[in-house]
Amino acid sequence: MERIILHKDQVLFTEGDAPTVAYLIESGEIEITTSRAGERLVLSTLISGDLLGEMAVIDDAPRTATAIALSDCVLFQIDRTQISERLAGTDPIIRALLEGQLKRYRGALAAMQGKEIHKNDTDTASEKLGIGKIRLESQLREALNTGGLDVRYQPLLHVQSNKVAGYEALVRWNHPERGPISPVEFVALAEETSLIVPVGEYVFDTACAAVKTFIEHGADPKPFIAVNVSARQLSHPGLIERIVARVDAAGLPKGSLKVEITESQALNYEMVEKVISLCHNHGIKVALDDFGTGYSHLTHLHKLAFDTMKVDQAFTRSMLEHPRSMAMVKAIVAMAKAIDADIVVEGIETEAMLQALRDLGCDYAQGYLIGKPQTLEELLG
Ligand code: C2E
Ligand code: CA
Ligand code: CA
C-alpha cells in the first residue's frame with residue numbers, strides 16, 4: 001500500500017475524475033463536497049480510519065464528489081484489485097445488494113445535484129446473478145409452503161435375501177418453470193441460509209409418514225428409510241435435535257429411520273460424533289455417505305461409530321473394467337466388515353455389477369438396476 005501525504009486545502013480527486021484507486025485515511029480530515037446550482041455542498045467529513053473513493057472503484061464509474069484535505073493528511077492508497085478480487089470472491093447476493101445500494105445512492109446524489117437521473121440503468125452481470133439467486137431462494141421458500149417439494153424413494157436391495165430392505169429418500173423440487181431441480185443445486189442454496197432447516201424437517205416428516213404407509217400396506221420385511229443430511233446442515237444449531245424429536249413423535253418401529261451423512265465439505269468430526277451418539281440414543285442408525293470421495297480422512301473415522309458405509313458410484317462404475325477399482329471395493333468391504341459396519345454399494349446398473357457384489361459379500365445394493373428413485377404411489381403400485 002502506497003502512503004500519500006496530502007497538505008491542507010489540497011484536492012485528492014475532483015467530481016467527474018476517472019476512478020483509479022480508493023484511500024484509507026491514516027490521519028487528518030478530508031471533506032467530500034459536490035455542487036448544486038453553482039453552490040458548494042458538503043456531503044461529509046471523513047477522519048482517520050475512514051475509507052474514501054471506494055464507491056467509484058467498486059462500480060467503475062466517475063467520481064461523484066470532490067475530496068479536499070481540511071488539514072494535513074496521511075492516506076494509504078488501496079489498489080482496485082484489492083477491492084475487486086474480494087468482491088469477486090463474495091456471495092453474488094452480497095454483490096447484488098451492494099450494487100443496488102450504490103445505484104440508489106448515485107440516483108439520490110444526482111437528484112440532489114439537480115442532474116438528470118438515469119432511470120433503469122441495466123443491471124450488471126453480477127447483479128443479475130445475485131438477484132437470480134435471491135429469486136430462486138424465494139421460490140424455494142414458496143415451494144416449501146405450497147407443496148412444490150417432493151420426496152422420491154430409491155430401493156436398497158438386501159443382497160443375500162434378494163429382497164428390498166429399505167429406501168433412500170431423495171428430495172426433489174418441481175420448479176414451475178425449470179421442471180424438477182436436482183437437490184445438488186438447491187440443497188446447497190438452502191444451506192447458505194437457515195432455509196435448510198425447514199427443508200430438512202420436511203424430508204424427515206415425509207419419510208416418517210412413508211415408513212408408516214409402507215407398514216400399513218403390509219410391506220415385508222418392514223422397510224427402513226434413509227434420509228440424507230449434509231454435514232453443513234448438521235452444523236445449524238438445534239437442527240438434529242429438532243429432527244430427532246420429530247422422529248420420536250412419529251412413533252416408528254426402532255431402526256426404521258436412518259440418517260446418511262453426506263460429506264459436501266470437510267467434516268467437523270466432533271460435531272458428527274455428537275450427532276451419531278444422539279441418533280443412537282433415539283434408535284436412529286447412521287450411514288457415512290459417499291465413502292472415499294470427499295473428506296472421509298481415515299485418521300478420523302475410527303472415532304465415528306457409524307453403522308453403515310456407502311460406497312460411492314464413482315468406484316462402482318469402473319469396478320468391472322479395472323481390476324484396481326475392484327480391488328479397492330473389495331478392500332472397502334473388508335474394512336467395513338472389520339469395524340462391524342454394514343456396506344451399501346451405490347450405482348448398481350447391471351446384473352454383472354450385482355453379481356460382483358454377491359461375490360464380495362456386500363450387504364446392500366442400490367442403483368438403477370434395483371430401481372430408480374420413485375414416488376411413494378409408484379412403489380405401492
Ligand atoms: P446421494 O446421497 O449420493 O444420492 C444418490 C444419487 O445418485 C441420487 O441423485 C440418485 O438418484 C443417484 N443414483 C442412484 N442410483 C443411481 C445409478 O444407478 N446410476 C446413477 N448414475 N445415479 C444413481 P439425486 O437424487 O440427484 O441426489 C443427489 C444428491 O443430493 C444425493 O447424493 C444427496 O447427497 C443429496 N440429497 C438428496 N436428497 C437430499 C436431502 O433430502 N437432503 C440433503 N441434505 N441432501 C440430499
Ligand atoms: Ca445418500
Ligand atoms: Ca451416495
Side-chain angles (χ1 to χ4, degrees), residues 140 143-144 149-157 164 166-175 179-208 210 224-236 239-240 243 246 257-265 267 272 275 285-296 306-320 329 332 342-354 356-357 364-375 378:
L140 177 57
L144 192 62
L149 291 189
D150 187 12
V151 178
R152 301 285 154 88
Y153 304 90
Q154 186 175 32
L156 273 79
L157 184 82
V164 169
Y167 300 87
E168 176 175 359
L170 295 159
V171 66
R172 293 285 178 271
W173 175 12
N174 299 312
H175 189 274
I181 298 186
S182 161
V184 176
E185 190 176 334
F186 71 85
V187 166
L189 182 73
E191 276 174 347
E192 290 178 12
T193 64
S194 55
L195 185 55
I196 191 63
V197 176
V199 170
E201 287 175 350
Y202 163 78
V203 179
F204 270 88
D205 286 347
T206 311
C208 288
F224 61 80
I225 293 186
V227 176
N228 290 284
V229 283
S230 63
R232 179 98 191 259
Q233 198 173 345
L234 288 174
S235 64
H236 277 273
L239 182 134
I240 191 69
I243 284 174
R246 293 168 100 96
L257 206 89
K258 296 190 184 192
V259 161
E260 292 189 5
I261 300 182
T262 60
E263 32 175 11
S264 53
Q265 55 165 215
L267 288 182
V272 173
V275 167
K285 291 197 168 182
V286 182
L288 190 63
D289 205 354
D290 303 331
F291 178 79
T293 58
Y295 296 89
S296 49
F306 51 83
D307 308 278
T308 305
M309 255 163 82
K310 293 194 80 172
V311 178
D312 190 72
Q313 45 180 287
F315 290 98
T316 329
R317 239 176 273 135
S318 57
M319 187 170 79
L320 295 181
V329 175
I332 295 172
D342 283 341
I343 191 131
V344 180
V345 180
E346 296 184 70
I348 299 302
E349 294 182 354
T350 65
E351 198 53 58
M353 283 177 174
L354 183 60
L357 294 197
Y364 300 97
Q366 181 180 355
Y368 294 166
L369 177 73
I370 322 299
K372 291 204 165 176
Q374 286 163 279
T375 63
E378 284 167 340

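Below, all heavy atoms of this structure are taken into account, side chains as well, without hydrogens, waters or symmetry copies. If you read the sequence from its start, that first residue is 1, and numbering goes on from there. First listed ligand is number 1; within each ligand, the first listed atom is number 1.
By the side chain to side chain donor-acceptor pair (under 3.5 Å) test, Glu260 pairs with Lys310, sequence neighbours left out. Not counting sequence neighbours, Glu378 has no partner by the salt bridge (Lys or Arg N to Asp or Glu O under 4.0 Å) test. Applying the side chain to side chain donor-acceptor pair (under 3.5 Å) test to Asp205 and every residue at least two apart in sequence or in another chain returns Arg246.
Counting protein heavy atoms only, atom 16 (C) of ligand 1 is closest to Tyr368 CE2, 3.2 Å. Ranking the protein heavy atoms by distance from atom 10 (C) of ligand 1 puts Leu170 CD1, 3.9 Å first. When only non-hydrogen protein atoms are considered, atom 40 (C) of ligand 1 lies nearest to Val171 CG1, 3.6 Å. Thr262 CG2, 3.5 Å is the protein heavy atom nearest to atom 34 (O) of ligand 1. Glu349 OE2, 2.5 Å is the protein heavy atom nearest to atom 19 (N) of ligand 1. For atom 15 (N) of ligand 1, the closest heavy atom belonging to the protein is Gln154 NE2, 2.9 Å. Protein heavy atom closest to atom 11 (O) of ligand 1, with residue, atom name and distance, is Pro373 CG, 3.5 Å. Closest protein heavy atom to atom 29 (C) of ligand 1: Val184 CG2, 4.0 Å.
When Arg232, Gln313, Glu346 are checked for heavy-atom proximity to atom 13 (N) of ligand 1, Gln313 turns out nearest. Scanning Pro155, Ala226, Pro183, Gly347 for the heavy atom closest to atom 35 (C) of ligand 1 points to Pro183.
Residue contacts with ligand 1 do not include Gln366, since none of its heavy atoms lies under 4.0 Å from the ligand. Contact analysis leaves Arg152 out of contact with ligand 1, as no non-hydrogen atom separation drops below 4.0 angstrom. Not a single heavy atom of Lys372 sits under 4.0 Å from any atom of ligand 1.
Note: an N/O pair closer than 3.5 Å links Arg172 and ligand 1 by distance alone. Considering backbone and side-chain N/O of Asn228, one or more are found under 3.5 Å from N/O of ligand 1. The shortest N or O to N or O distance between Glu168 and ligand 1 is under 3.5 Å.
The closest side-chain heavy-atom distance from Lys285 to Thr308 is not below 4.5 Å. Residues Ile196 and Val187 are in side-chain contact: their nearest non-hydrogen atoms beyond the backbone lie under 4.5 Å apart. Contact check for Tyr153 versus Thr206: side-chain heavy atoms found under the 4.5 Å cut-off. Using a 4.5 Å cut-off on side-chain heavy atoms (C-beta onward), Glu346 and Asp289 make contact. At a threshold of 4.5 Å between non-hydrogen side-chain atoms, the residues Phe291 and Ile343 do not count as touching.
Of the options Arg152, Gln366, Lys258, a side chain to side chain donor-acceptor pair (under 3.5 Å) to Glu168 is made by Gln366 and by none of the others. Each of Leu354, Leu156, Thr316 was evaluated against Val345; a single residue qualifies, Thr316, per the side chain to side chain contact (heavy atoms under 4.5 Å, CB included) test.
In plain terms, the two heavy atoms of Leu144 and Pro198 that are nearest each other are CD2-CB, 3.4 Å. In terms of heavy-atom proximity, Met319 sits nearest to Ala356 at CE-CB, 3.9 Å. Of all heavy-atom pairs spanning Ala169 and Asn228, the tightest one is O-ND2, 3.3 Å. Here the shortest heavy-atom pairing between Ile332 and Met309 reads CG2-CE, 3.5 Å. Between Ile181 and Glu185 the shortest heavy-atom distance is CG2-OE1, 3.8 Å.
Distance check: Ile240 CD1 to Gln233 CD gives 8.5 Å after rounding to the nearest 0.5 Å. Rounded to the nearest 0.5 Å, atoms CD1 (Ile348) and CG (Leu157) are 10.0 Å apart.
For ligand 1, the atoms closer than 4.0 angstrom to any heavy atom of Ser230 are 44 (N). Contact atoms of ligand 1 toward Val203: 41 (O) (distance under 4.0 Å to a heavy atom of the residue). Heavy-atom contacts of Gln233 reach the following atoms of ligand 1: 43 (C), 44 (N) (cutoff under 4.0 Å). Heavy-atom proximity to Ser182, at under 4.0 Å, picks out these atoms of ligand 1: 26 (O). The distance from ligand 1 to the heavy atoms of Gly367 drops below 4.0 Å at these ligand atoms: 15 (N), 18 (O). Annotation for ligand 1: atoms under 4.0 Å from non-hydrogen atoms of Asp290 are 3 (O).
Under 4.0 Å from ligand 1, not a single heavy atom of Val151 appears.
Within Glu168, the N, O or S atom lying nearest to the Ca ion (ligand 2) carries the name OE2.
At least one donor-acceptor pair under 3.5 Å links the side chain of Gln154 to the backbone N or O of Gly371.
Excluding water, every protein N/O/S atom under 3.0 Å from the Ca ion (ligand 3) is given here by residue and atom: Asp289 OD1, Asp290 OD1, Glu346 OE1, Glu346 OE2.
When distances from atom 42 (N) of ligand 1 to the protein are checked, a heavy atom turns up under 4.0 Å.
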